[in-house]
Amino acid sequence: MIQPGLAGRMVVVTGAAGGQGAAEALLLAASGARVVAVDLPDQAPAAFAGSGVTYRHLDVTSEADWQQLANDLTTELQGATLGALINNAGITHRARLGETLLSDWERVLAVNLTGPMLGIQALAPLMGPGSSILNVGSSAALTAHYTAAYTASKWGLRGLTHVAAAEYGPRGIRVNAVHPGFIETDMTRGAPSAMRDAQLALTPLERLGQSVEVAELAVFLCSDAASYISGAEIPVDGGFTSAGGSKFMSDSIRDAATSAALRPTLVAMLHKTT
Ligand code: NAD
């Protein structure tokens with residue numbers, strides 16, 4: 001369905017060869033946008049065939065790649081403004097603080113935090129009133145998730161989001177962040193099963209999320225339907241960060257009360273069988 005303000009407007013999505021980025025690219029294209037999807041592989045993913053999505057290689061940590069993209073888009077836009085930039089590319093590194101090597105710390109921050117900064121620096125000059133920037137954070141950006149480098153990079157991205165919203169607001173450019181919870185993509189396929197189980201136990205909706213559920217919000221935030229939303233951070237996590245661990249407490253209290261209520265019945269059954 002065509003979304004207000006997206007028809008014919010160019011939108012760049014990073015890390016779009018798979019997972020949430022690909023879902024965002026496809027949904028934006030279906031919503032009327034001219035999507036430029038970028039990622040590390042040279043070849044476009046098969047999922048983009050016939051979708052209208054244009055694909056190209058771009059490493060978000062490379063200033064030269066961003067500059068090349070900015071130059072090419074300036075030509076293609078022919079004076080029009082860029083509709084949106086979605087800083088979606090990200091990598092995880094599941095290591096605790098004491099086990100995080102400097103090289104891993106720097107690698108994670110380069111992709112998850114420096115990448116969005118370079119993207120904003122390169123493409124904000126192509127934007128104008130009605131344009132927007134969307135940073136893909138994480139529920140790790142709202143909590144003390146154990147993955148030290150990843151969590152720190154995503155908290156940093158929140159800061160960048162607020163700075164950019166204040167800096168570019170006067171030009172009519174909106175800047176927001178979304179914070180996905182546990183979404184089923186390549187990134188989470190290798191997550192320890194204990195992490196998956198704990199996530200389910202702590203999520204009020206009691207299920208994991210799908211890429212399209214993040215993409216729906218991304219499309220809304222990039223459209224004119226969100227024309228007065230800027231500097232916002234929106235979790236897409238089934239209630240995980242909102243509950244803040246209290247679901248575990250609530251479930252424990254309910255379980256304890258249930259076993260207390262059941263105790264007389266169990267004792268009676270026990271007496272009958274002995
Ligand atoms: P994914 O691994 O499927 O996709 C990430 C994409 O980023 C990949 O296609 C990868 O090639 C690309 N990428 C990595 N380094 C890059 C670079 N230097 N330049 C360009 N592209 C690069 O994972 P996903 O779940 O789709 O992740 C999308 C975003 O959502 C990430 O920012 C991630 O941190 C965030 N996120 C994911 C989850 C989750 O549960 N899956 C939860 C919270 C936040």
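Please read all numbers here as calculations on a predicted model, not as lab measurements. Whatever order the structure lists them in is the order used to number ligands and atoms, beginning at 1.
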Atom indices of ligand 1 within 4.0 angstrom of T188 heavy atoms, with elements: 39 (C), 40 (O), 41 (N)
Ion pair D72/R56, N-O distance below 4.0 Å: yes
Within 6.0 Å of CD1 in I2, more than 12 heavy atoms from elsewhere: yes
Side-chain heavy-atom pair W66, L123 within 4.5 angstrom cut-off: yes
Polar contact flag, side-chain donor to acceptor under 3.5 angstrom, D237-T241: yes
Numbering as shown, the atoms of ligand 1 that approach I91 to under 4.0 Å (heavy-atom distance): 14 (C), 15 (N)
Polar contact flag for D39 and ligand 1 (N/O pairs, less than 3.5 Å): yes
Atom 26 (O) of ligand 1: nearest protein contact (heavy atom, Å): Q20 N, 2.8 Å
Interfacing atoms of ligand 1 (cut-off 4.0 Å, heavy-atom, P180): 42 (C), 43 (C), 44 (C)
Chi angles and distances behind the side chain to side chain donor-acceptor pair (under 3.5 Å) call for R9, T81: CA-CA 8 Å; R9 291 205 78 186; T81 54; 2.7 Å; yes
D59-ligand 1 polar pair, N/O distance under 3.5 Å: yes
For ligand 1, the portion of K154 having any non-hydrogen atom under 4.0 Å away: side chain
Nonpolar side-chain network containing Y146, other nodes, edges under 4.5 Å: F182, M195, L200, L208
Under-4.0 Å heavy-atom contact with ligand 1, by part of L58 that carries it: backbone
Charged N-O contact under 4.0 Å between E184 and R207: no
Between T14 and N88, a side-chain donor and acceptor under 3.5 Å: no
Heavy-atom nearest neighbour in the protein, as seen from atom 31 (C) of ligand 1, with distance rounded to 0.1 Å: N88 O, 3.1 Å
Under 4.0 Å to a heavy atom of V136 - the qualifying atoms of ligand 1, by number: 29 (C), 30 (O), 32 (O), 35 (C)
CD (E63) with more than 12 external heavy atoms under 6.0 Å: no
Exercise: do T147 and T151 side chains pair donor with acceptor under 3.5 Å: yes
Proximal ligand 1 atoms for S138, defined as those under 4.0 Å from one of its heavy atoms: 43 (C), 44 (C)
Check: F182 N/O within less than 3.5 Å of ligand 1 N/O: no
Pick from L157, I183, D65: the one approaching atom 41 (N) of ligand 1 most closely through a non-hydrogen atom: I183
Atom indices of ligand 1 within 4.0 angstrom of Y150 heavy atoms, with elements: 33 (C), 34 (O), 35 (C), 36 (N), 43 (C), 44 (C)
Atoms in ligand 1 flagged as close to G90, the criterion being non-hydrogen separation under 4.0 Å: 5 (C), 7 (O), 14 (C), 31 (C), 32 (O)
Atom 24 (P) of ligand 1: nearest protein contact (heavy atom, Å): T185 OG1, 3.5 Å
Residue portion contacting ligand 1 (non-hydrogen atoms closer than 4.0 Å) for V60: both
G181-ligand 1 polar pair, N/O distance under 3.5 Å: yes
N or O pair under 3.5 Å between S139 and ligand 1: no
Closest to atom 3 (O) of ligand 1 among A17, A110, A23, G19 (heavy-atom distance): G19
Closest approach of any protein heavy atom to atom 6 (C) of ligand 1, naming residue and atom: G15 O, 3.5 Å
Distance-only N or O hit between ligand 1 and V111, under 3.5 Å: no
Parallel, tilted or perpendicular, as decided by the 30° and 60° cut-offs, for the rings of H145 and Y150: perpendicular
Nonpolar side-chain network containing L142, other nodes, edges under 4.5 Å: none
No-hydrogen, no-angle side-chain donor-acceptor test under 3.5 Å, H57 and Q43: no
